Amino acid sequence: MADIAFSGPRGPKPRRRLSGRNIMIYGTLIVVALYYLVPLYVMVMTSLKGLPEIRLGNIFSPPVEATFEPWVKAWAEACTGLNCEGLQRGFWNSVRITVPSVLLSILIASINGYALANWRFKGAEFFFAVLMIGAFIPYQVMIYPMVILLRELGLYGSLTGLVLVHTVFGMPILTLLFRNYFATLPEELFKAARVDGTGFWGIYFRIMLPLSLPIFVVAVILQVTGIWNDFLFGVVYTKPEYYPMTVQLNNIVNTTTGARNTM
Amino acid sequence: MMDQTHHASETSLSIKGLQLSFGAVQVLNDVNMDIRQGEFIVLLGGSGSGKSTILNCIAGLLDVTDGQIFINGKNVTWDEPKDRGIGMVFQSYALYPQMSVRGNLAFGLKNARLPRDEIAKRIDRAAGILQIGDYLDRRPAALSGGQRQRVAIGRALVRDVDLFLFDEPLSNLDAKLRAELRVEIKRLHETLGNTMVYVTHDQIEAMTLADRIALLRDGVIQQFASPGEIYRKPVNLYVAGFIGSPSMNFISGEIADGQFRFHDRAISLDGYDGHPRDGAAILGVRPEHTGFQADGPESGIQATVELQEHMGAESVIYLRLDGQRFALRTPDDTHYPEGTRLNLSFDIARASLFDPQSELRL
């Protein structure tokens with residue numbers, strides 16, 4: 001039989017000319033991007049200035065005398081209460097909270113989604129419905145019950161407890177995400193793998209995972225940004241020595257601005 | 001698998017009283033089949049007829065509600081797909097996109113923990129039979145549809161099993177390729193001598209490939225017979241209308257005195273292959289079993305040309321007969337303009353009569 005796969009047009013893809021339309025689109029995009037970058041610019045520039053220079057108020061001008069001293073101070077010397085280790089402690093706490101929470105929540109949610117999409121077990125619909133209802137209940141409602149739960153488990157105030165909380169609260173939306181993605185993968189692929197003698201875990205790790213990189217990337221972005229920026233759970237479920245950076249930063253800013261006002 | 005001795009009497013696959021319901025919806029109703037070793041069986045039907053569902057039950061991809069499935073005499077009703085001794089080919093090919101062709105072929109064998117040299121041997125053999133040796137190291141994405149389906153067939157082949165299941169394997173291919181691969185599947189069956197169960201909605205595939213066709217409607221087997229038998233003696237109106245293109249023409253009338261009468265006309269039933277009885281009946285005549293004369297007598301069965309389709313080797317003429325559409329097929333490619341009156345004659349020996357109530361063939 002003739003090999004028909006590689007007939008047809010050849011050569012590199014034709015490149016579009018720089019048209020007026022493109023200039024308009026890219027021009028607009030660049031302007032908007034710059035607009036969004038301005039606050040970041042102001043922040044970095046201000047951080048490099050000394051206090052007298054900041055008081056002049058020219059927030060857009062680059063520093064006359066760049067100094068990294070405030071950075072060092074914030075990282076290693078700033079005080080919250082009696083502790084004067086700077087933000088580094090909060091930073092590493094945040095890392096220790098975010099990494100296991102992201103990994104654990106994505107692992108469990110992807111397996112949930114896979115089971116719901118491909119192994120339609122008895123009660124799957126009910127299970128999914130319950131999870132979805134969970135997604136619509138505001139977090140604040142569940143804060144106190146969760147405190148009791150963690151206390152009973154003996155995890156209240158620990159990093160493990162906070163990781164557990166993040167994992168649980170991420171579950172509904174992540175499960176939905178994974179279930180819907182797995183449902184779009186061809187069902188026949190799943191059937192073929194079963195005929196080839198692969199079981200529940202084999203199909204998950206060797207067929208589904210390699211095909212699901214895009215959705216894993218989405219889930220990682222969602223979870224990392226969500227958990228890294230979390231304030232509420234961090235302040236409620238941990239104690240000062242485990243506070244994530246967001247909480248610690250807030251405390252530092254509050255105490256130092258208070259001090260400045262008395263000057 | 002390669003031994004050429006066909007065990008004609010041995011039953012390869014046996015389905016007994018198969019039932020399947022999803023909640024209140026009955027998808028399969030009392031399906032029974034006995035398939036001999038080496039037979040090529042086609043499950044034919046429209047969408048929703050349950051043909052693919054039966055295949056999935058045989059493969060073990062669906063749990064049956066009731067009934068039993070035996071493969072080579074072993075009750076496999078509750079066995080895992082991998083333990084049933086089947087190979088399966090899917091419509092969408094279902095090749096693992098992240099693996100090379102070789103990886104796809106080897107996947108099931110590695111799962112079965114076969115020794116490496118045995119795997120290599122089987123892949124070589126399958127590659128030889130299917131002529132896919134040149135692209136064993138390519139990914140499925142770099143193959144054409146026809147090549148992908150060969151690889152998918154190869155994946156069933158390397159399993160070295162007695163029973164092959166095909167789920168509409170050619171439906172995603174273009175017409176020319178479909179015809180080529182159809183011939184190849186036929187040849188493959190003749191070479192290997194495996195039992196094959198093949199699902200399709202395409203009656204050409206069914207007629208050309210099958211030793212026997214099981215024609216399904218709403219989860220019930222209508223007729224399970226050789227293609228010739230189904231074509232010549234359809235058991236009921238549904239089967240008669242399903243097989244053949246254009247469809248069989250149906251004329252309502254009644255039988256009396258060994259004649260079929262409709263609209264003051266009478267046709268002798270001499271030579272009819274069946275058991276006509278007096279009373280209301282429907283006469284079914286295939287377009288290719290209808291003769292015609294352009295300038296016949298005013299009496300007889302006269303119809304008016306509405307449209308003619310020329311297909312080169314033959315043409316189909318659509319006529320109006322007593323207000324109903326009637327198609328006939330002829331090698332004659334003379335053009336008959338609209339409104340031409342033709343005298344029709346029916347080949348009663350190859351026609352079918354049906355009971356209008358039970359819709360069964362008489």
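Since the structure is predicted, the reported quantities are computational estimates derived from the model, not experimental observations. A note on names: the letters A, B, ... follow the listed sequences, proteins ahead of strands, and every chain is numbered from 1.
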Got more than 12 heavy atoms from elsewhere within 6.0 Å of [atom1], [X]?
| X | atom1 | result |
| --- | --- | --- |
| Leu177(A) | CG | yes |
| Trp75(A) | CH2 | yes |
| Glu125(A) | CD | no |

Mind checking which of [range] sit less than 4.5 Å from chain B, heavy atom to heavy atom?
| range | result |
| --- | --- |
| residues 181-203 of chain A | Glu188(A), Leu189(A), Lys191(A), Ala192(A), Ala193(A), Arg194(A), Val195(A), Asp196(A), Gly197(A), Thr198(A) |
| residues 209-223 of chain A | Pro210(A), Leu211(A) |
| residues 95-122 of chain A | none |

Report which part of Leu95(B) has an atom under 4.5 Å of a heavy atom belonging to chain A: side chain, backbone, both, or neither. backbone

With a 4.5 angstrom heavy-atom cut-off, is it the side chain or the backbone of Arg159(B) that approaches chain A, or both, or neither? side chain

Step-by-step side-chain contact (heavy atoms from CB on, under 4.5 Å) determination, Phe107(B) to Arg206(A): CA-CA 10 Å; Phe107(B) 187 67; Arg206(A) 295 164 67 193; 3.1 Å; yes

Where along residues 44-74 of chain B does a heavy atom come under 4.5 Å of chain A, listed by residue number? Asn56(B), Gly60(B), Leu61(B)

Between Leu109(B), Asp134(B), Asn111(B), Leu165(B), the one whose heavy-atom pairs under 4.5 Å with chain A are most numerous: Asn111(B)

